[in-house]
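Here is the structure we will look at.
Owing to the predicted nature of the structure, the values given are computational and were not obtained by experimental measurement. Counting starts at 1 for both ligands and their atoms, following the listed order.
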Amino acid sequence: MQNPHLQIIIGSTRPGRAGAAVGGWFYDVAVKHDAFTVELLDLATIDLPLLNEPHHPRLGRYVHDHTKRWSATISAGDAFVFVVPEYNRGYNAATKNALDYLCKEWRRKPVGFVGYGGVAAGARSIQGLVPVVASLGMVAMARSVNVPTINRMITADGDFTPNPRLDQSAGELLDELSGWAIDLAVAGRAG
Ligand SMILES: Cc1cc2nc3c(=O)[nH]c(=O)nc-3n(C[C@H](O)[C@H](O)[C@H](O)COP(=O)(O)O)c2cc1C
């Protein structure tokens with residue numbers, strides 16, 4: 001059986017964001033982990049406008065090319081990791097917008113989170129996203145990666161230096177995701 005395809009989605013679109021460095025670190029860990037083929041997606045370059053489709057996404061009747069491209073991209077994923085900042089005790093708007101665009105493309109696929117922020121380490125953005133992904137029929141992982149006080153782990157040049165505990169926690173999330181990706185693929189073939 002081919003390795004499942006993992007898409008790591010950088011949620012922050014802000015110039016000077018920490019998200020690019022955190023996403024790059026997680027990408028490197030996922031490639032070394034070796035259970036997936038790995039792709040890094042960046043919402044800043046994907047550049048979706050605020051949801052502007054006239055029909056409910058469950059119908060898949062997309063009229064805009066940006067949505068058709070996003071749909072084709074996400075359809076190719078077997079598992080996802082969202083790299084999300086904490087903004088005002090919640091997730092950032094670009095991440096929610098990217099989720100809202102689609103429906104069946106997300107369904108019955110496992111999803112994990114790498115959250116980062118201040119002392120709460122992105123926990124509140126992840127907690128907010130769990131019911132959102134459940135509503136889309138995704139399976140949220142019990143484990144997450146939580147990066148506290150991101151501003152102390154990142155230099156002005158954007159170099160991110162994680163501690164060994166974060167590398168371990170990234171590996172544990174990837175283990176859980178790969179187990180679910182295989183289980184759901186087998187269940188999908190049986191159904
Ligand atoms: C608009 C805004 C709101 C924020 N609110 C919170 C917050 O409620 N809790 C927190 O821990 N950090 C908060 N922060 C700090 C961010 O988590 C931190 O700056 C992080 O680097 C943002 O991610 P980004 O650089 O990838 O955009 C906030 C930052 C911004 C820009």
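- A 6.0 Å sphere centred on CZ of Arg14 holds more than 12 heavy atoms belonging to other residues, nucleotides or ligands.
- The atoms of ligand 1 that sit less than 4.0 Å from any heavy atom of Pro85 are 22 (C), 23 (O).
- Note that atom 19 (O) of ligand 1 has no protein non-hydrogen atoms nearby, at separations under 4.0 angstrom.
- In this structure, the side chain of Asn163 engages the main chain of Arg165 through a donor-acceptor pair within 3.5 Å.
- Set against the non-hydrogen atoms of Ile150, the atoms of ligand 1 under 4.0 Å away are 20 (C), 21 (O).
- Glu86 O, 3.4 Å is the protein heavy atom nearest to atom 28 (C) of ligand 1.
- Annotation: atom 26 (O) of ligand 1 to nearest protein heavy atom, Tyr116 OH, 2.5 Å.
- For atom 11 (O) of ligand 1, the nearest non-hydrogen atom of the protein is Gly118 N, 2.7 Å.
- Looking at heavy atoms from C-beta onward, Val132 lies in side-chain contact with Tyr91 at the 4.5 angstrom threshold.
- Heavy-atom neighbours of Trp25 CH2 from other residues, nucleotides or ligands within 6.0 Å: above the threshold of 12.
- Of the protein's non-hydrogen atoms, the one nearest atom 29 (C) of ligand 1 is Tyr87 CD2, 3.8 Å.
- Residue Lys68 qualifies as enclosed at atom NZ: its count of foreign heavy atoms under 6.0 Å is above 12.
- Ranking protein heavy atoms by distance to atom 8 (O) of ligand 1, first place goes to Arg89 N, 2.7 Å.
- Scanning all protein heavy atoms for the shortest distance to atom 25 (O) of ligand 1 gives Arg14 NH2, 2.6 Å.
- Considering both main-chain and side-chain atoms, Gly117 never comes within under 3.5 Å of ligand 1 through any nitrogen or oxygen pair.
- At least one side-chain heavy atom of Leu173 sits under 4.5 Å from a side-chain heavy atom of Phe26.
- The aromatic rings of Phe80 and Phe82 are tilted relative to each other, their planes meeting at an angle between 30° and 60°.
- For ligand 1, the polar-atom distance check finds an N/O of Gly19 within less than 3.5 Å of one of the ligand's N/O atoms.
- The N/O atoms of Arg17, backbone and side chain alike, include none that comes under 3.5 Å of an N/O atom in ligand 1.
- When ring centroids are compared, Tyr62 and Trp70 stay outside the 6.0 Å threshold.
- Of the heavy atoms in Ala18, both backbone and side-chain atoms come closer than 4.0 Å to ligand 1.
- Counting only heavy atoms of the protein, atom 5 (N) of ligand 1 lies nearest to Asn88 N, 2.8 Å.
- Checked by atom type and distance alone, the side chain of Thr149 never pairs as donor or acceptor with a backbone atom of Asn151 at under 3.5 Å.
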